[in-house]
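Starting from 1, each residue takes its place in the sequence as its number.
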Amino acid sequence: MSKSLMAALALLACGGVCAESPRSAIFLHPDGMGANTWAALRLKEVGPDGRLNWDRLPRLAIYVGPMLDSVAASSNGGATTHAYGVRAALADFGMVGGKRPVAASGKAESVMHAARSAGKAIAIVNSSSITEPGTAAFLASVADRDNETEIAAQILAARPDVILGGGEMFMLPKGQKGRHGKGVREDGRNLIAEAAKAGYRVVYTREELRATPLDGKPLLGVFAAEATFNEYDEAGLARRKLAAFQPQAPRFDEMLAVALSRVRDAKNGFLIVANEEGTDNLSGENNAPATLEAAAGADRAIGLALAEANANPALTVIVASDSDNGGMNATGDDLDELPRPLPKRMENGSPLDSDDGKPFQAAPDARGVRQPFYVTWASGDDMGGGTVARGIGPGARFIEGTIDSTVIYRALYDGLFAEEPKAEPLPQSQ
């Protein structure tokens with residue numbers, strides 16, 4: 001028997017995941033993106049006949065994510081559910097009922113704390129502040145989401161191998177000038193200086209991040225005073241003469257690429273939790289061009305993770321949002337009947353978004369034709385419909401049919417530890 005055939009049979013015998021490849025997971029959270037947002041992005045980026053990286057993830061499920069006290073999720077409640085595998089309330093942030101919850105594993109620890117306890121490398125990436133709950137709830141537990149100085153302190157205390165995002169203001173003493181703004185901490189602590197003293201390499205810009213050597217040091221990237229994007233609608237950006245994305249900061253996919261480069265060879269595997277917040281906050285402003293640009297960065301990040309999974313059968317990749325923010329919908333319906341410039345609102349009152357009064361142009365279809373479209377918005381808030389989970393790798397076997405938000409934890413846990421959590425987190429209807 002040839003060595004290549006023996007190797008192939010050995011790989012099949014262990015389900016494609018062997019001892020030589022430690023189990024790892026990446027959770028990508030393009031916040032606020034419903035299936036409708038992905039549809040609009042598909043038009044813009046690859047055209048109606050094209051396929052995004054998101055489309056290429058083989059596992060797919062309808063995602064249902066109510067809270068204990070709401071039919072739709074908050075960012076912090078949804079992230080708490082993802083981190084612990086138990087249903088949370090709207091105000092919860094790494095807590096349920098005022099204390100750190102017992103996770104679906106049976107232990108009072110998040111899936112990221114469990115990964116660290118198992119000796120795996122851990123990394124968080126956020127296009128907003130590092131205190132934003134999409135990633136922070138995996139490491140911090142607070143009674144008040146607005147207590148961002150405490151959230152930042154807990155994140156640094158957890159000693160992730162990689163921390164990339166904004167939020168400098170929450171790491172510096174009140175009034176102290178940093179690279180991007182002034183601090184707001186009332187306790188006098190300088191978390192950035194403390195991190196540097198603890199061995200972190202600290203970088204502040206895209207250029208500094210790109211130049212960072214792979215020297216084994218933990219990495220702290222601090223790229224903005226708060227978020228790395230400017231949260232305004234098109235008119236608000238124009239009035240302030242601001243770009244949607246701050247030029248000194250790396251984009252979401254650039255940060256993920258660096259995080260991957262630093263943890264992919266970790267001896268015991270790794271867990272990366274990465275949150276693109278621009279897709280949520282900019283859709284809340286009903287800013288279609290900026291939302292789609294943020295979404296394009298999220299799709300590039302998915303491409304990186306998908307390539308990593310194709311090269312590493314021990315890697316689980318899960319992609320999910322906990323809400324559909326704004327209810328973006330792309331359409332060309334009755335476009336020839338609408339006046340020019342396009343109106344600001346439809347007949348039913350819903351906001352209409354366009355390219356400064358002109359239709360957006362989709363990327364060419366299979367015939368090479370670019371079709372015009374415009375965007376309508378349903379609201380400026382999080383909504384519970386149209387959310388989808390996708391994935392690839394061992395833990396993604398849970399991503400099928402219609403799933404509760406608690407299943408995200410189960411997929412990550414199984415992807416990391418080759419076992420299902422012991423506790424059943426939620427009574428299921430029959």
Side-chain angles (χ1 to χ4, degrees), residues 94 112-113 115-117 119-142 147-228 246-252 254-267 270-275 277:
M112 184 161 271
H113 286 299
R116 173 59 94 203
S117 297
K120 296 181 185 292
I122 58 173
I124 60 171
V125 172
N126 207 308
S127 67
S128 186
S129 168
I130 65 165
T131 58
E132 201 283 326
T135 51
F138 284 77
L139 291 175
S141 300
V142 294
N147 192 358
E148 294 186 75
T149 55
E150 173 60 22
I151 295 167
Q154 289 190 32
I155 289 171
L156 268 296
R159 295 295 304 270
D161 298 271
V162 180
I163 309 169
L164 301 176
E168 182 187 44
M169 61 192 292
F170 306 116
M171 300 183 225
L172 296 177
K174 186 174 182 178
Q176 180 171 324
K177 187 177 180 181
R179 288 283 290 272
H180 307 295
K182 292 183 178 180
V184 298
R185 297 191 66 85
E186 298 282 357
D187 59 7
R189 292 179 64 185
N190 184 328
L191 299 184
I192 296 174
E194 291 178 20
K197 187 176 180 181
Y200 277 85
R201 182 180 295 280
V202 182
V203 295
Y204 293 92
T205 66
R206 168 189 274 133
E207 288 70 27
E208 291 178 7
L209 183 67
R210 288 173 174 170
T212 303
L214 286 171
D215 55 8
K217 284 188 174 184
L219 177 64
L220 170 61
V222 185
F223 304 117
E226 193 168 7
T228 66
Q246 297 177 20
Q248 82 286 347
R251 293 292 302 279
F252 182 63
E254 295 174 311
M255 290 191 279
L256 179 64
V258 170
L260 269 169
S261 72
R262 301 184 79 84
V263 302
R264 66 161 51 95
D265 295 325
K267 180 180 178 181
F270 63 85
L271 171 61
I272 298 174
V273 176
N275 180 81
E277 188 64 16

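- Taken to the nearest 0.5 Å, the CZ atom of Arg116 stands 9.0 Å off from the CG atom of Leu139.
- In this structure a side-chain-to-backbone donor-acceptor pair under 3.5 Å is present from Arg185 to Thr149.
- The two atoms that bring Arg179 and Tyr204 nearest to each other are NH1-CD1, 3.2 Å, heavy atoms only.
- Of the possible donor and acceptor atoms, none in the side chain of Glu168 sits under 3.5 Å from a partner among the backbone N and O of Glu226.
- Interatomic distance, CG of Leu164 versus CG of Leu220, reported as 8.0 Å (0.5 Å rounding).
- Among all heavy-atom pairs drawn from Leu156 and Ala195, the shortest one is CD1-CB, 3.6 Å.
- The main-chain N or O of Ala224 is never found under 3.5 Å from a side-chain atom of Thr228 such that the two would form a donor-acceptor pair.
- One distance of note links CZ of Arg210 with CD of Glu207; it measures 6.0 Å at 0.5 Å rounding.
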Checklist entry - So Ile272 and Val263, side-chain contact (heavy atoms from CB on, under 4.5 Å) or not? Walk me through it. => result CA-CA 9 Å; Ile272 298 174; Val263 302; 3.8 Å; yes

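- At least one side-chain heavy atom of Arg251 sits under 4.5 Å from a side-chain heavy atom of Glu254.
- Under the 3.5 Å distance criterion, with hydrogens and angles disregarded, a donor-acceptor pair is assigned to the side chains of Thr135 and Asn126.
- You'll find the side chain of His113 stays beyond 4.5 Å of the side chain of Phe138, heavy atoms only.
- No side-chain donor from either of Ser128 and Glu277 sits under 3.5 Å from a side-chain acceptor of the other.
- In plain terms, the two heavy atoms of Ala121 and Ala266 that are nearest each other are CB-CB, 3.8 Å.
- In this structure, CD on Gln154 lies 11.5 Å from CG on Leu191, to the nearest 0.5 angstrom.
- Judged by distance alone, the side chain of His180 and the main-chain N or O of Val222 form a donor-acceptor pair under 3.5 Å.
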Next on the checklist: Applying side-chain contact (heavy atoms from CB on, under 4.5 Å) to Lys182 and Leu172, what does each step give before you reach the verdict?
Outcome noted: CA-CA 7 Å; Lys182 292 183 178 180; Leu172 296 177; over 6 Å; no

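- Going from atom CD of Glu132 over to atom OG of Ser127 covers 8.0 Å, rounded to the nearest 0.5 Å.
- Each of Gln246, Arg206, Glu208, Met255 was compared with Phe223 under the side chain to side chain contact (heavy atoms under 4.5 Å, CB included) criterion, and only Met255 meets it.
- Comment: Lys120 does not engage Asp161 in a salt bridge, judged by the lack of any side-chain N to carboxylate O separation of less than 4.0 angstrom.
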Checklist entry - Going through the distances and angles, do Glu148 and Met169 end up as a side-chain contact (heavy atoms from CB on, under 4.5 Å)? => result CA-CA 10 Å; Glu148 294 186 75; Met169 61 192 292; over 6 Å; no

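- You'll find the side chain of Tyr200 stays beyond 4.5 Å of the side chain of Ile192, heavy atoms only.
- Between Thr205 and Pro250 the shortest heavy-atom distance is C-CD, 4.4 Å.
- Checked by atom type and distance alone, the side chain of Arg201 never pairs as donor or acceptor with a backbone atom of Leu219 at under 3.5 Å.
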Next on the checklist: Quick one, Asn190 with Gln176, criterion side-chain contact (heavy atoms from CB on, under 4.5 Å). Give me CA distance, side-chain angles, the key distance, then yes/no.
Outcome noted: CA-CA 9 Å; Asn190 184 328; Gln176 180 171 324; 3.1 Å; yes

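- Across all their heavy atoms, Ile130 and Ile155 have their closest contact at O-CD1, 3.2 Å.
- Contact record, Val202 with Ala196: CG2-CB, 4.3 Å, taken as the closest heavy-atom pair.
- To the nearest 0.5 Å, atoms CG (Asn275) and CZ (Phe252) are separated by 6.5 Å.
- Checked by atom type and distance alone, the side chain of Arg189 never pairs as donor or acceptor with a backbone atom of Ala153 at under 3.5 Å.
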